[in-house]
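Down below is the structure, laid out as structure tokens.
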Amino acid sequence: MFYQAPFTIDDKIDYYLISLEQDQRLGFFILPKQILIGRRILSTAQKEGKRMFCVYKN
């Protein structure tokens, strides 16, 4: 069985790149670590992070 753990605030990553594709269109989001910490997406000692989340255009 495969276990997928969420990223943590201790990972040595400053920015996360998310790519997406729909039909013939491609897009990228570059998310700073501090934003993901503020949105409680990355794991901390107090809370497990998200394994999946949605990004919506503004």
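Of all heavy-atom pairs between Gly49 and Pro6, the closest is O-CG, 3.6 Å.
Here Leu31 contributes atom CG and Asp14 contributes atom CG; the two are 13.0 Å apart, rounded to the nearest 0.5 Å.
Applying the 6.0 Å contact sphere to NZ of Lys50 captures no more than 12 heavy atoms from other residues, nucleotides or ligands.
Taking Lys12 as the reference, nothing meets the side-chain contact (heavy atoms from CB on, under 4.5 Å) condition, with sequence neighbours excluded. Among residues two or more places apart in sequence or in another chain, the side-chain contact (heavy atoms from CB on, under 4.5 Å) test is passed with Arg39 by Ile35, Ile41. Here Ile13 pairs with Phe7, Asp11, Tyr16 under the side-chain contact (heavy atoms from CB on, under 4.5 Å) rule; sequence neighbours left out. Every residue meeting the side-chain hydrogen bond (donor to acceptor under 3.5 Å, both in side chains) condition with Arg51, not counting sequence neighbours, appears here in chain and number order: Tyr3, Glu48.
Clustering of Ile, Leu, Val, Met, Phe, Trp and Tyr by side-chain heavy atoms under 4.5 Å joins Phe28 with Tyr15, Leu17, Ile30.
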